[in-house]
Amino acid sequence: MIRLALAPLLEGRTLRVRSVGPHDMRARGEGRGKPVRGAWIGRRELLHGARIDRLERRGKRLALVARDGRTLVVQLGMSGQLMLAADSARTHRHVTWGVEGQRHPLVFRDPRRFGGLTPYASPEALHAAWNEQLGSDALCISASRLADALRGRRPVKAALLDQRVVAGVGNIYADESLFLARIDPRTRCARLRPEQVIALAASIRTVLARAVRTGGSTLRDHRTALGQPGQAQQLHAVYGRTGLPCIECKHPIRGARLAGRATAWCVRCQAAR
DNA sequence: CAGGTATCCTGTCCGC
DNA sequence: TGCGGACAGGATACCT
């Protein structure tokens, strides 16, 4: 969604770093490097003076690729925003770019600092890193690739949160996908029947596509890349509905902690079989 | 050593 | 009304 909204506004245009700070956010190192606290990325790596060639996305990561090869990955974490809008809040701005020919600046803000920026020297380096760190994108995950990735004794919910299994599924859409596929989130990957994996792959594609279509939203204060509020939160079948009646069978939605995250599912519709 | 969990961080919401 | 605390999310360091 963010890529779709920003691509036509940024492609072919030159960025100029206008301000950087505060300097206390995570600058993620190349590859698996540890997040560096208190360090920052240079203006050159922040694409100062770079003409944007294209925006690439895989899972939750967005890459700005410049014509000279410089590449900057934006991870929004949970509260991050990348916006080209007049009403972008002024607090928690980490990087502000001027965009050639655009009235409003491009702003990366991240109040909770779970997000981060990662520079790469080239698109090739970016793809190498992504191939290592990320599985297939959720919007086009095939049943066979999902079957290959869903191995082991982990509960299927925990596997879905692993970006190396499927890139792009977070806590909310993991629950929603499992509900649509009628799979108990506690089911061990190795015990999933082939038809369940097929259903799950289709459900992931459906749920993510719907989220993108409706502006993608999770938190109440979520905004799109152009400043519009998202609406997908109203479409959730199980997430945030613990104790409320299932939209299919009216049975109360169960809530529990699984893989360290809040999990909601219908024990009747998603019965372990 | 795979799988579970603690940690980071701040805004929001709940109860006293 | 004010305030403390729990909680939410994504990624990863760390522990078992």
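In what follows, chains carry the letters A, B, and so on, assigned in the order in which the sequence lines appear, proteins first and then strands, with residues in each chain numbered from 1.
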hbond_proxy A/R154 side chain to B/dG4 base (donor-acceptor, 3.5 Å cutoff): no

N or O in side chain of A/H92 less than 4.0 angstrom from B/dG11 OP1/OP2: yes

Ionic contact status for A/D162 with A/R154, cut-off 4.0 Å: yes

Sugar-phosphate only, base, or nothing, as touched by A/G260 at under 4.0 Å among non-hydrogen atoms: nothing

Protein-nucleotide distance (A/R188, atom CZ; B/dG3, atom P), rounded to Å: 9 Å

Whether A/H236 and A/Y173 hold their rings parallel, tilted or perpendicular, with breakpoints at 30° and 60°: perpendicular

Lys/Arg-Asp/Glu bridge criterion (N-O < 4.0 Å) met for A/E11, A/R13: no

Spacing of A/L76 atom CG relative to B/dT10 atom P, expressed in whole Å: 17 Å

Donor-acceptor pair present, A/R112 side chain and C/dA8 base, under 3.5 Å: yes

Sugar-phosphate, base or nothing in reach of A/R151, heavy atoms under 4.0 Å: nothing

For B/dC1, the Watson-Crick or wobble partner whose two distances fall under 3.5 Å: none

Selection from B/dC8, B/dT10, C/dA8 that lies nearest to any side-chain heavy atom of A/F114: B/dC8

A/D137/A/R58 ion pair, N-O < 4.0 Å: no

Atom-pair distance (OH on A/Y239; P on C/dC7), nearest Å: 13 Å

Toward the 5' end of DNA chain B, by each residue's nearest nucleotide, A/T91 or A/P155: A/P155

Rounded distance in Å - OH (A/Y173) to P (C/dA8): 17 Å

Length of the line joining A/E132:CD and C/dA11:P, which is rounded to integer Å: 15 Å

Protein-nucleotide distance (A/Q133, atom CD; C/dT12, atom P), rounded to Å: 7 Å

d(CZ, A/R61; P, C/dT12) in whole Å: 6 Å

Residue whose closest nucleotide on DNA chain B lies nearer the 5' end, A/P111 versus A/A158: A/A158

N/O (side chain, A/Q75) to phosphate O (OP1/OP2, C/dG10) under 4.0 Å: no

OP1 or OP2 of C/dG10 under 4.0 Å from side-chain N/O of A/Q163: no

d(CZ, A/R164; P, C/dT12) in whole Å: 9 Å

Note: A/D175-A/R261 ion pair, threshold 4.0 Å (strictly below): no

Touch class at under 4.0 angstrom, heavy-atom based, for A/R153 against every strand present: sugar-phosphate

